Amino acid sequence: MIKRADEAQAQVKRATRAAYGETLVHLAQEGLPVVAVDADLTGSTTTKKLADAGFEDRLFNCGIAEQNMIDVAAGLSITGHIAFTGSFAVFGTGRAYDQIRNTVCYSNLNVKIAPTHAGISVGPDGGSHQMLEDISLMRGLPNMRVLVPADYAAAASALRLAAQTPGPVYVRMGRASVPAVYADDVELEIGRAYVLREGKDVTIFACGVEVDQALQAAETLAEQGIDAEVVDVFSIKPLDEDTILASLAKTGCAVVAEEHSVYGGLGSAIAELVCEYKPTPLEFIGMKDRFGKSGEYLELMDYFKMDAAAIVEAVKRVIAR
Amino acid sequence: MTELEQRATQMRKDIVAMIAKAGSGHPGGSLSSVEIMTALYFGGVMNYDPANPDDPNRDRFILAKGHAAPVLYTTLAHAGYFAREELMTLRQLGSRLQGHPDSNLLNGVEVSTGSLGQGLSIAAGAASGLKLNNSPATVFTLLGDGECEEGQVWEAAMYAAHYKLDNLVAIVDRNGLQIDGKTEEVCNPSDLCEKFAAFGWDVHTVDGHDIDALIDLLKQTKASHDAKPQVIIAKTVKGKGVSFMENQASWHGKAPNDEQTKAALEELDAQ
């Protein structure tokens with residue numbers, strides 16, 4: 001059984017990005033040849049902590065040049081280093097997509113695409129900085145694995161997995177502080193989804209910050225007599241088909257919640273799976289073909305109908321179908 | 001004719017023959033860089049061993065202008081990485097010789113290239129990695145002059161100077177032509193020497209078909225440790241060695257037909 005945060009731990013809110021620099025320091029101290037390549041955002045991504053811990057020579061700041069950042073990481077990887085790249089998700093994937101595709105993935109290099117500030121939880125910076133298409137971009141690439149951690153502990157685990165797994169790995173991290181879902185020393189696995197709450201009436205599949213929203217929604221639904229199962233799809237690629245199909249065999253319908261466009265992300269991945277093996281009614285929580293806007297994280301989750309209340313409504317719709 | 005000049009001529013014949021057999025490919029920019037590759041691999045410049053392709057202290061070569069794959073494949077075959085007969089599988093289904101280099105298929109190809117503008121960044125990253133490893137190895141990369149229109153080249157130029165990568169040698173195949181015509185007319189990259197110098201590089205120029213001069217300059221730049229990256233602007237002729245291809249942008253990316261192939265090989269035989 002996977003280790004969950006206890007009640008006291010769950011009160012501690014931390015951002016997934018806070019795990020980045022700290023985990024890199026741990027990995028370097030353990031003797032792994034990790035390096036970080038960033039683009040003038042070493043404080044925001046927290047990769048600067050690597051230099052602060054005495055590994056100055058392992059941090060390469062490219063300045064505001066994300067394309068160069070990805071390919072410098074590629075060069076570092078072919079000389080034996082495990083290269084983590086930074087920047088914000090909008091630039092660290094979108095600005096450098098061709099570099100990730102044609103060099104990192106096509107050559108199958110040991111480069112980790114691990115940007116922060118994904119999704120609308122970026123908040124006030126607005127639509128230009130709220131990356132909502134990155135899972136779609138990364139999921140479509142051969143050789144790439146896609147991990148979306150739900151909290152600080154899951155992010156630390158994802159970064160460790162990325163370092164231990166040869167080849168490209170995408171780790172999606174966010175800016176906002178979110179409640180702990182897992183115990184701090186949790187060890188997750190690539191290719192796994194985790195049933196966090198068992199239920200029989202409906203499944204809520206979620207990733208990233210939506211995991212906490214899904215757990216809140218399940219509490220509300222329980223008060224209304226609806227027994228929801230909550231599954232954290234930590235690994236979007238490879239997808240844990242067995243866990244997902246087993247849950248659907250039990251509940252018969254699902255809501256998929258992600259802080260991402262409803263096109264091409266987790267919802268699409270699950271739709272592809274169920275269409276092939278067992279067509280099942282699904283509802284999708286996510287951005288509906290539009291850009292974000294400025295606002296505070298939780299205000300935006302409410303405004304764009306991506307919060308626990310929206311999940312509750314979607315559950316009722318899908319059960320009624 | 002010296003032994004290296006004979007080698008260069010044989011490599012040109014291999015390039016023409018393999019592209020003709022494939023029915024497609026890029027002869028112009030492959031033929032323009034034959035002497036550069038000859039100097040690097042057969043002029044005592046690069047340290048490499050086909051029997052030990054993963055030697056951590058080998059010098060690295062990265063073909064930034066990945067469409068010139070035929071010249072790289074020919075060089076690697078002549079260097080002993082694989083049999084020359086395999087050159088005739090270029091671009092065929094199942095071949096290790098993809099249209100653009102695939103590092104997962106072939107020893108000696110350090111990284112897959114083909115999307116222009118990325119090679120200098122990869123080379124700079126490798127130079128950083130070698131410095132971190134305290135390796136004495138040098139990274140060489142060959143860019144096209146049209147490729148220098150990619151903005152990323154200048155991101156990499158800035159990075160390499162900032163990190164004082166004096167174990168990095170970039171060579172620009174300055175043949176003056178790109179697919180749509182003369183570089184000066186398509187979107188003028190103007191004086192590449194001034195541009196690289198302004199970014200903080202040591203800049204050298206050379207006749208890119210003078211093997212002896214190339215060897216001297218490549219050895220000099222490899223030995224240089226003045227905290228600056230080195231760039232060689234090599235003046236070349238696109239399609240060099242096959243008169244009807246020389247200085248013709250139209251021969252950037254097409255294969256000769258049977259008659260043209262026969263004429264090209266006869267002309268090279270006569271050299």
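From a predicted model like this one, the values you see are computed outputs, not experimental measurements. A note on names: the letters A, B, ... follow the listed sequences, proteins ahead of strands, and every chain is numbered from 1.
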Chain A contact via [X] - side chain, backbone, both or neither, heavy atoms under 4.5 Å:
X      : answer
B:L120 : neither
B:S128 : both
B:A123 : neither

For this session: Flag the pair B:Y159 / B:W154 as yes when their ring centroid distance falls below 6.0 Å, and as no otherwise.
Result: no
Exercise. How about A:H117 and A:H129: are their ring centroids closer than 6.0 Å?
Worked result: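 Between A:H129 and A:H117, which both carry aromatic rings, the centre distance is not below 6.0 Å.
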Exercise. Is it the side chain or the backbone of A:V37 that comes within 4.5 Å of chain B heavy atoms, both, or neither?
Worked result: neither
For this session: Sort A:L109 into side chain, backbone, both or neither according to what part of it lies under 4.5 angstrom from a heavy atom of chain B.
Result: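 Answer is side chain: those atoms of A:L109 sit under 4.5 Å from chain B.
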Please determine, among [options], the option with the most heavy-atom pairs under 4.5 Å with chain B.
options              : value
A:I78, A:V35, A:D98  : A:D98
A:D57, A:N108, A:I64 : A:D57
A:V72, A:N61, A:I70  : A:V72

Exercise. With no hydrogens and no angle check, is any side-chain donor or acceptor of A:T23 less than 3.5 Å from a backbone partner on A:A19?
Worked result: yes
Exercise. Would you call B:D49-B:R58 a salt bridge at under 4.0 Å N-O?
Worked result: no
Exercise. For B:S121 and B:Q152, does a side-chain donor sit closer than 3.5 Å to a side-chain acceptor?
Worked result: yes
Exercise. Have B:R91 and B:S24 got a donor and an acceptor in their side chains that come within less than 3.5 Å?
Worked result: yes
